[in-house]
Participant: 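Dropping a structure here in structure tokens format, bear with me for questions.
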Amino acid sequence: MASLNVPGVEDPDENGLSGPVCRTVTSGGDVLLLVPGDCAAARAAAHAQDDDLAAVMEITDVAPVSVPHRVRGRAWIAGWLTPVRNAQRAEAAMLLAERHPVGELLGLGEALEPDPAPGRYGRAAWMMLRLEVGECAVDDLWGADPVEPDAFAEAVPDPLVAHEAELLQHLHAAHGEQVRGLCALLDDSTQAVCGLRDRAVPVSLDRFGLRVRFTDAGQRSFDARFDFPEPVRDVAGLRRAMHHLFEAAGAR
């Protein structure tokens with residue numbers, strides 16, 4: 001879930017916030033955004049012309065399973081916003097379509113047309129914006145830390161990101177007892193924090209490991225991270241890693 005804020009731009013309906021329909025990162029580290037053409041950010045970027053327009057995108061990471069306190073973390077990306085113009089529009093549209101194949105929603109026909117006159121931007125169904133990254137920050141389970149723009153540009157998507165929601169839901173529905181059994185891998189003092197064996201829900205999954213939220217009958221909860229022996233590269237590698245975790249827990 002993401003929102004785009006342009007400081008100083010107010011909208012009676014949106015309070016200055018625009019939710020991108022989809023987004024991706026270019027090889028150079030810029031963020032491409034597809035937004036409704038009549039949103040506050042699109043209008044501000046169109047009228048800014050060649051001036052630098054400061055903007056902040058906030059991304060909220062929400063667990064795809066039903067648990068209390070579902071927000072897993074937040075990230076902020078601040079930089080300068082401009083419309084994607086001229087020949088770059090076709091390239092940007094194709095990149096968005098490749099990574100987010102959502103059919104006609106992308107309005108590829110509109111994106112491939114010649115650049116419209118500035119006054120038409122507000123009436124376009126969709127508008128592509130480019131956010132040149134100036135600074136980033138992340139606040140999650142491990143704390144709040146800045147992220148250098150170069151590190152942001154060099155980052156690659158986790159190989160499990162497209163499957164995470166489905167995999168977590170499957171683990172919760174089909175392997176609940178085994179997930180609960182992972183509590184055996186925690187030290188005794190950690191288990192004693194809040195009677196962790198009553199309920200266990202897998203809340204995040206990436207190539208490095210699994211995060212589980214243990215909750216007791218009094219609704220006190222504790223998140224534990226279970227690292228894989230080595231980073232997994234695909235779903236097949238994940239199956240082996242999960243089997244290793246479950247075996248280790250069963251041997252305790």
Side-chain angles (χ1 to χ4, degrees), residues 1-7 9 11 14 16-62 73-118 120-138 146-162 164:
M1 185 168 58
S3 62
L4 185 64
N5 179 266
V6 179
V9 175
D11 188 296
E14 303 174 28
L17 293 175
S18 305
V21 175
C22 62
R23 63 186 185 273
T24 193
V25 180
T26 70
S27 58
D30 293 341
V31 182
L32 291 179
L33 305 165
L34 182 73
V35 301
D38 61 352
C39 73
R43 292 198 300 269
H47 288 100
Q49 297 296 319
D50 296 326
D51 296 334
D52 290 338
L53 181 67
V56 180
M57 181 169 66
E58 179 178 348
I59 302 170
T60 303
D61 180 28
V62 180
R74 287 187 170 86
W76 294 266
I77 303 173
W80 300 273
L81 199 65
T82 55
V84 178
R85 299 188 185 279
N86 304 319
Q88 295 179 344
R89 299 173 72 218
E91 181 182 352
M94 295 305 292
L95 183 61
L96 283 167
E98 176 186 336
R99 298 180 180 176
H100 298 275
V102 290
E104 293 181 357
L105 183 63
L106 286 175
L108 285 180
E110 181 178 301
L112 293 172
E113 290 176 358
D115 226 16
R120 286 182 51 203
Y121 275 114
R123 297 195 297 272
W126 307 106
M127 185 173 182
M128 288 179 292
L129 302 176
R130 183 186 304 274
L131 181 63
E132 181 185 349
V133 177
E135 56 183 348
C136 315
V138 173
V147 178
E148 292 296 327
D150 287 347
F152 176 82
E154 293 169 1
V156 295
D158 190 277
L160 301 180
V161 67
E164 186 198 21

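Worth saying up front: this structure is predicted, and the values here are computed from it rather than measured.
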Participant: So which atom in Gly29 and which in Ala153 form the shortest heavy-atom distance, rounded to 0.1 Å?
Facilitator: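 Looking at all heavy atoms of both residues, the closest pair is CA-CB, 3.6 Å.
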
Participant: State, with a plain yes or no, whether a side-chain heavy atom of Leu81 is found less than 4.5 Å away from one of Leu4.
Facilitator: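 SC-SC contact between Leu81 and Leu4 confirmed.
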
Participant: What distance do Glu132 atom CD and Thr82 atom OG1 have between them, rounded to the nearest 0.5 Å?
Facilitator: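 It is 7.5 Å, given to the nearest 0.5 Å.
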
Participant: Just wondering, do Arg130 and Thr26 contact through their side chains at under 4.5 Å, heavy atoms?
Facilitator: yes

Participant: Looking only at heavy atoms, which two atoms of Ala78 and Val56 are closest? And how far apart?
Facilitator: CB-CG2, 4.0 Å

Participant: Over all heavy atoms of both residues, which pair between Arg89 and Met128 is shortest? Give the atoms and the distance, please.
Facilitator: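 For Arg89 and Met128, the tightest heavy-atom pair comes out as O-CE, 3.3 Å.
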
Participant: Locate the shortest heavy-atom distance separating Gly79 from Leu131; write the atom from each residue and the value.
Facilitator: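 Heavy-atom minimum between the residues: C-CD1, 3.8 Å.
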
Participant: Is there a side-chain contact between Phe152 and Val138, using heavy atoms and a 4.5 Å cut-off?
Facilitator: no

Participant: Rounded to the nearest 0.5 Å, what's the gap from CE on Met1 to CG on Asp61? Could you check?
Facilitator: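 Reported to 0.5 Å precision, the distance equals 9.5 Å.
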
Participant: Does Pro83 reach the side chain of Met127, with side-chain heavy atoms less than 4.5 Å apart?
Facilitator: yes

Participant: If I compare all heavy atoms of Ala42 with all of Pro36, which pair ends up nearest, and what's the gap?
Facilitator: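 Shortest heavy-atom separation between Ala42 and Pro36 comes out as CB-O, 3.6 Å.
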
Participant: Rounded to the nearest 0.5 Å, how far apart are CG of Asp30 and CG of Leu129?
Facilitator: 12.0 Å

Participant: Just verifying a value: how many Å separate Thr24 OG1 and Glu98 CD, rounded to the nearest 0.5 Å?
Facilitator: 8.5 Å

Participant: Please examine the side chains of Met57 and Leu33, heavy atoms only from C-beta on, and report whether any two atoms are closer than 4.5 Å.
Facilitator: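 They are in side-chain contact.
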
Participant: If you measure from CD1 on Ile59 to CD1 on Ile77, what distance do you get to the nearest 0.5 Å?
Facilitator: 4.0 Å

Participant: Taking all atoms of both residues into account, what is the closest heavy-atom pair of Ala44 and Val6, and its distance?
Facilitator: CB-CG1, 4.4 Å

